[in-house]
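Both ligands and their constituent atoms are indexed starting at 1 by order of listing. Side chains are part of it too, since the values below use all heavy atoms of this structure and drop only hydrogens, waters and symmetry mates. When a residue number appears, it is its place in the shown sequence, counting from 1.
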Amino acid sequence: MIKREETRIVQNSTLLFGHSNNILIQSMCDIKTSKIKEVIKQINACANAGANLMRISVLDEEDANAIKTIRKFVKIPLVADIHFNYKLALISMENGIDKIRINPGNITSEEELKEIIECAKKHNTIIRIGVNSGSLSNDAKGSTEEEKIVDSALKYIRFFEDNGFYKMVISLKSSSPITTYKAYMLFSEKSDYPTHIGVTESGFDEIGIIRSVAGLSPLLIYGIGNTMRISLTKNPLKEIETCKRLLHDLGLFKKYPTIISCPTCGRCAVNNTKDLAEKTLKYCIKHKKYITVAIMGCVVNGVGEGKNADIGLAGGKESFIIFKKGQPVKTVDQNSALEELFKEIDTFNVDENL
Ligand code: SF4
């Protein structure tokens, strides 16, 4: 079991980050925030898929003012993404945003930052200090990129603390998974603020998933990260699903099924194991059966190799064996294998309070 980093806790009335609390999964809307109806629809679809919070871009006053309405019709907290224009942060907070994200690289005036701080105190808003390697301030010190990223974050944090503000979550992103990893590791030695982890601009589909998992897995294994986003080009729902899978595989998210399936080899006498595995995953998600299911190509090795699964299928000759904890329980025709497996899966009672 992973021992989580003992960060301080940062919370307001809707959000709780830090220490051993759940790692909050987030994504970001890819629609302009002033398109209120579409944004509400996307946020609620993401919430239904498992997002704990959603970020929205605030580019102008129209976006900032849309927050008031959007906030009424969505079921999860929202983060306003602000660049350059500090006044948009103020309007967003006045309109009920739960958290704002600002970038030290593009809001630098001390007077403007002080106004943001006073407004955040008044509205109990959490602030993410979102350092990004692509927009580091010129005075960031260090001989490596990760040192500059961390230096930039620490300077900003000090300014906020000097002005009596502590409700901060920190992100230290780079599009390189290695720099991202090094930056968060370095930061965790120097600060106990909770972190939002992610690899920025990581790409699309498998490219983005692999790059993100490469950077984030070691951090999560070290117990680092209190909220996370896996950025994928134009696919917020996939971002959420990927976060859940990664956290689940590391034992940090229980409410997800575990599907084991062998690659198949010359011993396999059935040809639909991939299809069976995909349908089984969908079935278990839909029916909230958070158990381990193995879909194996042959009886010779499959039953033994799948012995840690709660239940599984192992291919025979035009048939499958259903097994539980490595023990065969019945043989079924290959055409009815899935139906028979689902009947058995239905008999598992899964604790809803996992
Ligand atoms: Fe091959 Fe059987 Fe192992 Fe699958 S379970 S990889 S079919 S030996």
So do the side chains of S319 and D333 get within less than 4.5 Å of each other, counting heavy atoms only?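 In short, these two side chains do not touch, never coming nearer than 4.5 Å.
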Give the residue and atom name of whichever protein heavy atom lies nearest to [atom], and the separation in Å to one decimal.
| atom | answer |
| --- | --- |
| atom 2 (Fe) of ligand 1 | C298 SG, 2.3 Å |
| atom 4 (Fe) of ligand 1 | C262 SG, 2.4 Å |
| atom 3 (Fe) of ligand 1 | E305 OE1, 3.5 Å |

Of all the atoms in ligand 1, which lie at a distance below 4.0 Å from a heavy atom belonging to G302?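 Near G302, meaning under 4.0 Å from one of its heavy atoms, ligand 1 has 5 (S).
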Under 4.0 Å from a heavy atom of G297: which atoms of ligand 1 are those, numbered in the order shown and with their elements?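 Per the distance check, 4 (Fe), 7 (S).
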Check: E161/Y193 side-chain N/O donor and acceptor closer than 3.5 Å: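 Side chains of E161 and Y193: pair found under 3.5 Å.
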Pair D346-Y283, side-chain donor/acceptor within less than 3.5 Å: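 Per modelled atom types, D346 and Y283 side chains form a pair under 3.5 Å.
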Go through the steps to decide whether D275 and K279 satisfy the test salt bridge (charged side-chain N to carboxylate O under 4.0 Å, His left out), and finish with yes or no. CA-CA 6 Å; D275 184 50; K279 287 181 174 155; 3.1 Å; yes
Enter the distance from S92:OG to R101:CZ here, rounded to the nearest 0.5 Å.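 It is 13.5 Å, given to the nearest 0.5 Å.
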Between NE2 of H83 and CG of N132, what distance do you get to the nearest 0.5 Å?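 It comes to 8.0 Å.
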Option of least heavy-atom distance to atom 8 (S) of ligand 1 (set: V303, T273, V270, N301):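 Checking each option, the heavy atom nearest atom 8 (S) of ligand 1 is found in N301.
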Between C265 and atom 4 (Fe) of ligand 1, is there a contact where an N/O/S atom of the residue lies under 2.8 Å from the metal?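 No, C265 does not qualify, because none of its backbone or side-chain N, O or S atoms lies under 2.8 Å.
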Under 2.8 Å from atom 2 (Fe) of ligand 1, is there any N, O or S atom belonging to C268?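 No, C268 does not qualify, because none of its backbone or side-chain N, O or S atoms lies under 2.8 Å.
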